[in-house]
Protein chains: 2
Amino acid sequence: MAVTIYDIAREANVSIATVSKVINNSGRISSPTRDRVHKVIDELDYRPNLLASAMTSKRTYTAGILIPDIGNPFYPDVIRGVEDFARQNNYSVLLCNTDDNLEKQLEYVELLKQKSVDGIIVAAVAASPERLIETLGDSLPTVVLARRIKDPNQQITFPSVVVDNFRGGYLATKHLIENGHSKISLLGESLHIESSQERMRGCIQALEEHFLALHSVEFCTRNLGFEGGYNATINLLKKTSPPTAIFADTDLLAFGGMKAAKELGYRVPDDISFIGFDNTALCTIVDPPLSSIAQPMYELGQRTMEILIGKISGLSVPELTVLDISLVERQSVKRITDV
Amino acid sequence: MAVTIYDIAREANVSIATVSKVINNSGRISSPTRDRVHKVIDELDYRPNLLASAMTSKRTYTAGILIPDIGNPFYPDVIRGVEDFARQNNYSVLLCNTDDNLEKQLEYVELLKQKSVDGIIVAAVAASPERLIETLGDSLPTVVLARRIKDPNQQITFPSVVVDNFRGGYLATKHLIENGHSKISLLGESLHIESSQERMRGCIQALEEHFLALHSVEFCTRNLGFEGGYNATINLLKKTSPPTAIFADTDLLAFGGMKAAKELGYRVPDDISFIGFDNTALCTIVDPPLSSIAQPMYELGQRTMEILIGKISGLSVPELTVLDISLVERQSVKRITDV
DNA sequence: GCAATTCGGGTTAGCGCTTACTCTTGATTT
DNA sequence: AAATCAAGAGTAAGCGCTAACCCGAATTGC
């Protein structure tokens, strides 16, 4: 069997309590004793069994993270941020893909509870989280990522970390306007998604500040990705008055849009400009490289984990953290000089 | 506090042993007793504490997975496969990004051991795994994904699940040949990577079967991604005799290559054809859509987890599992008719 | 009809730690 | 010099389970 705290105690001629104290740097131990114990620990290559430790101390140093689907290019960076911050604080993270399915979410929360995780990160949870809130309860530290959960009863609130989607929409549109565009259309994901709504609001705000109106709008129907963007853009461009620039809710949508435009004989960006959202790695790969609004995804993950650990440790944490967003210019937006 | 097995025992008028037996479906319990216990469990909404359970049963139903970086588009699907299979078997997975850094790998293995995981999946481990093997030891069930670990001392071997890279290289090249190409160049990742070597071997084999030779080769130097592909392709095309088709080790490399080709005035696929490897989601997004060799990434993850659980359960498992590969045709390869 | 099983369950000893509490000394206070 | 106290270490009670073992009663075999 593996070496236990008893082995160390015996070899160092102390009690297991003493060994425990030197390991956890608690209680009072004289330095000779401390050194002796450390020496034996090194000699026997002892590693405390974290399971046993968790049994008594009630801390597993493990957190769970619920995300819709790791296949969505939005998440890998976020997760990386979460995991890096976790590791730096001796935490591990249990990954749970829920496909935005309530049953799976509930199942996972129960499982994580049974595994006694110290806390949970809930990313991009569905619109009606009543049951999720209920099973989460108020005893398990939870932080919400990229969404806000509003409990209808105001019973329980969770700290959330989000990105300023409104400002993102604003920046994107302003960039288009500053490049001389006035016929600006919105290629939206869905009006049922909060972030999508916010981006649209930002877009409209920028437009209004310049006494402009949205030229046209199109939302995705079935598919919310590349294909959806393709189809919606076809609609946008086939209208009697097509736009000169399109602000897409998502890079993926923009990619689909660019494909549609090209197929309809438009040159990008000469005939039509595009700007995306998310600044995924793919932006540099497509032709032309897509200008996009960058979300600090890695930082999003990091901050969320930081807040979670804070909450676990009993610190008071901010109820809402809004991360800033920025414009990354590439070659998909053309300056229009003629009026 | 949460309800424990003692509460159930008391309410159901049985001993905790009996409760444990009905939970785990072990031992002999009469159906009246079983029903009574179940009823109380439901009433009190009891969930066994898996930590405590693991202490005695020595099974945590948790596995660790070491990957280089979740940001690499190769992994999300793999992980999804791992996680889905895990969940179906009551397992959870602890995600560990190692950046291919030996120190991080060792650290994580130690941590996972301390957390008493039942097994570990090691994905795409570095070339010289001696120290990793050493810390893994032979007591912790381990399965290697997308690599084979050859222990120089033949002391310990790990089951591995890989993809038939040789056949992939062969298929890609054959596809090019069948489309009339004879000036075929290889855009390789690195000769230090086993999969890269295998793909090249397959490529050469296909060529030889048609009495052809590799037209030229170029490997990446600093950057192994988009940029590396871009630079290497510039070299390839600036030679006195440029190829008519390029087989890239990786989709990302092919994307970089396509960009380089376009910039040098080539039309893709009219002047030069490209075929990639990995069949990432991006293939449909670029222009033209990239033909590629598809690896069954999800299945790769699934099978690996299946084998790991098998090993944990003491079953005998295959030492080597090779998954098949297939060609996905899109529009980046042009048929050449003139000789 | 009596020994041998089987059935249905209970007792109890841990798993490897943490922690509240206790005890012994030697130093400090007054 | 008696009382007080802090430092340094030990004792022991769990944490919530599992599993080996035990035991009486019912069932079986011959």
Side-chain angles (χ1 to χ4, degrees), chain A residues 1-38 40-41 44-62 90 110-118 139, chain B residues 1-38 40-41 44-62 90 110-118 139:
Chain A
M1 290 313 289
V3 16
T4 74
I5 203 172
Y6 286 94
D7 302 316
I8 305 301
R10 189 179 354 95
E11 295 300 315
N13 257 307
V14 293
S15 73
I16 58 165
T18 302
V19 179
S20 177
K21 283 171 197 161
V22 344
I23 291 169
N24 300 302
N25 245 309
S26 60
R28 318 172 181 287
I29 303 291
S30 68
S31 30
T33 317
R34 180 180 305 279
D35 292 347
R36 188 151 37 92
V37 171
H38 270 136
V40 176
I41 287 179
L44 301 191
D45 195 29
Y46 165 69
R47 320 277 163 136
N49 178 326
L50 262 24
L51 233 54
S53 160
M55 279 282 311
T56 37
S57 72
K58 303 294 175 203
R59 269 190 98 156
T60 53
Y61 287 93
T62 303
N90 283 313
E110 291 294 357
L111 181 63
L112 292 173
K113 275 184 177 175
Q114 287 191 244
K115 293 215 172 174
S116 308
V117 295
D118 293 340
S139 58
Chain B
M1 289 311 292
V3 14
T4 74
I5 204 172
Y6 286 93
D7 301 317
I8 305 301
R10 186 178 357 91
E11 295 301 314
N13 256 308
V14 294
S15 73
I16 57 165
T18 302
V19 179
S20 176
K21 282 172 195 162
V22 344
I23 291 169
N24 300 301
N25 245 309
S26 59
R28 319 169 180 289
I29 303 290
S30 69
S31 31
T33 319
R34 179 180 306 277
D35 292 347
R36 188 151 37 91
V37 172
H38 271 137
V40 176
I41 287 178
L44 301 191
D45 195 29
Y46 165 69
R47 318 277 162 138
N49 178 326
L50 262 22
L51 234 54
S53 162
M55 279 284 307
T56 36
S57 71
K58 302 295 176 202
R59 271 190 94 158
T60 53
Y61 286 93
T62 304
N90 283 312
E110 290 295 356
L111 180 64
L112 292 174
K113 275 185 177 177
Q114 287 191 245
K115 293 216 172 174
S116 309
V117 296
D118 293 341
S139 57

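Being a predicted model, the structure only gives us computed values, none of them experimental. Excluded from the calculations below are hydrogen atoms, water molecules and symmetry mates; all remaining heavy atoms, backbone and side chain alike, are included. Reminder, nothing fancy here: chain letters follow the sequence lines and each chain counts from 1.
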*Asks:* Whole Å only: how far is the NZ atom of B:Lys58 from the C1' atom of D:dA20?
*Replies:*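 So the two atoms are 15 Å apart, to the nearest Å.
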*Asks:* Both B:Ser26 and B:Leu51 contact DNA chain D. Which one's nearest nucleotide lies toward the 5' end?
*Replies:*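 Upstream on the strand: B:Leu51.
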*Asks:* Is B:Asn49 close enough to D:dC15 that one of its side-chain N or O atoms is under 4.0 Å from OP1 or OP2 there?
*Replies:*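 No, because none of the side-chain N or O atoms of B:Asn49 sits under 4.0 Å from OP1 or OP2 of D:dC15.
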*Asks:* What is the distance from atom CG of B:Asp7 to atom CZ of B:Arg10, rounded to the nearest 0.5 Å?
*Replies:*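 These two atoms lie 4.5 Å from each other.
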*Asks:* Looking for any heavy atom pair under 4.0 Å, which part of the strands does A:Ile16 touch: base, sugar-phosphate only, or nothing?
*Replies:*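 Base contact - A:Ile16 has a heavy atom under 4.0 Å of at least one base atom.
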*Asks:* Any side-chain N or O of A:Thr56 under 4.0 Å from OP1/OP2 of D:dC15?
*Replies:*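 Result: no.
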*Asks:* Counting heavy atoms from C-beta on, name the nucleotide in C:dG16, D:dC17, C:dG10 closest to the side chain of B:Ile5.
*Replies:*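 Of the candidates, D:dC17 comes closest.
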*Asks:* What is the distance, rounded to the nearest whole Å, between atom CG of B:Asn24 and atom P of D:dA19?
*Replies:*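 It is 7 Å, rounded to the nearest whole Å.
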*Asks:* Atom OG1 of A:Thr4 and atom OH of A:Tyr46: how far apart are they, to the nearest 0.5 Å?
*Replies:*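 Separation between the atoms: 7.0 Å.
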*Asks:* Which residue, A:Arg34 or B:Tyr6, contacts DNA chain D at a nucleotide closer to its 5' end, judged by nearest heavy atom?
*Replies:*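 Taking each residue's closest nucleotide, the earlier one in sequence belongs to A:Arg34.
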*Asks:* Can you check the A:Ile29 CD1 to D:dG8 C1' distance for me, whole Å?
*Replies:*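 Rounded to the whole Å, the gap is 7 Å.
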*Asks:* Establish, with yes or no, whether the OP1 or OP2 oxygen of D:dA9 is under 4.0 angstrom from a side-chain nitrogen or oxygen of A:Thr33.
*Replies:*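 Yes, A:Thr33 has a side-chain N/O under 4.0 Å of OP1/OP2 on D:dA9.
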*Asks:* Think A:Ser15 has a side-chain N or O under 4.0 angstrom from the OP1 or OP2 of D:dA9?
*Replies:*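 So the side chain of A:Ser15 is outside the cut-off, no N or O lying under 4.0 Å from OP1 or OP2 of D:dA9.
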*Asks:* Nearest to the side chain of A:Pro48, heavy atoms from C-beta on, is which of C:dC17, D:dG16, D:dA19?
*Replies:*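 Closest nucleotide to the A:Pro48 side chain: C:dC17.
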*Asks:* Grab the CZ-P distance between A:Arg59 and C:dT19 for me, whole Å please.
*Replies:*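 Taking atom P of C:dT19 as the reference, CZ of A:Arg59 is at 11 Å.
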*Asks:* Can you tell me how far CG of B:Asn49 sits from NZ of A:Lys113, rounded to the nearest 0.5 angstrom?
*Replies:*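 Reported to 0.5 Å precision, the distance equals 13.0 Å.
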*Asks:* Does D:dA9 have OP1 or OP2 under 4.0 Å away from a side-chain N or O of A:Ser30?
*Replies:*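 Yes, A:Ser30 has a side-chain N/O under 4.0 Å of OP1/OP2 on D:dA9.
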*Asks:* Roughly, in whole Å, what's the span from CE in A:Met55 to P in C:dG14?
*Replies:*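 Rounded to the whole Å, the gap is 16 Å.
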*Asks:* Within the modelled atom types, does a donor on one side and an acceptor on the other bring the side chain of B:Lys21 and the base of C:dG10 under 3.5 Å apart?
*Replies:*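 Such a pair exists between side chain and base.
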*Asks:* On the nucleotide D:dA7, are OP1 or OP2 found under 4.0 Å from the side-chain N or O atoms that A:Arg28 carries?
*Replies:*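 Checking A:Arg28 against D:dA7: at least one side-chain N or O falls below 4.0 Å of OP1 or OP2.
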*Asks:* Given D:dC17, is OP1 or OP2 found less than 4.0 Å from the side-chain N or O atoms of B:Ser20?
*Replies:*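 It does not, given that no N or O in the side chain of B:Ser20 lies less than 4.0 Å from OP1 or OP2 of D:dC17.
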*Asks:* Starting at atom CG of A:Asn25, determine the distance to atom P of D:dG8, rounded to an integer number of angstrom.
*Replies:*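 Rounded to the whole Å, the gap is 14 Å.
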*Asks:* Could you check which of C:dT19, D:dC17, D:dC15 has an atom nearest any side-chain atom of B:Ser53?
*Replies:*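 My answer, after comparing the listed nucleotides, is D:dC17.
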*Asks:* With a 4.5 Å cut-off on side-chain heavy atoms, are A:Val14 and A:Thr33 touching?
*Replies:*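 Yes, their side chains come closer than 4.5 Å.
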*Asks:* With heavy-atom distances below 4.5 Å as the criterion, would you say the side chains of A:Thr60 and A:Leu50 are in contact?
*Replies:*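 With C-beta onward as the side chain, the pair stays apart.
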*Asks:* Provide, to the nearest angstrom, the distance between the CD1 atom belonging to A:Ile8 and the C1' atom belonging to C:dT18.
*Replies:*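 Rounding to the nearest Å, CD1 of A:Ile8 and C1' of C:dT18 are 17 Å apart.
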*Asks:* Could you check how far CG of B:Asn13 sits from P of C:dG8, rounded to whole Å?
*Replies:*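 In whole Å, C:dG8 P lies 19 Å from B:Asn13 CG.
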*Asks:* Are B:Thr62 and A:Lys115 side-chain neighbours, meaning at least one heavy-atom pair lies under 4.5 Å?
*Replies:*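 Yes. Closest side-chain heavy atoms under 4.5 Å.
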*Asks:* By nearest heavy atom, map B:Ala17 and B:Ala52 onto DNA chain C; which one lands nearer the 5' end?
*Replies:*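 The residue whose closest nucleotide sits nearer the 5' end is B:Ala17.
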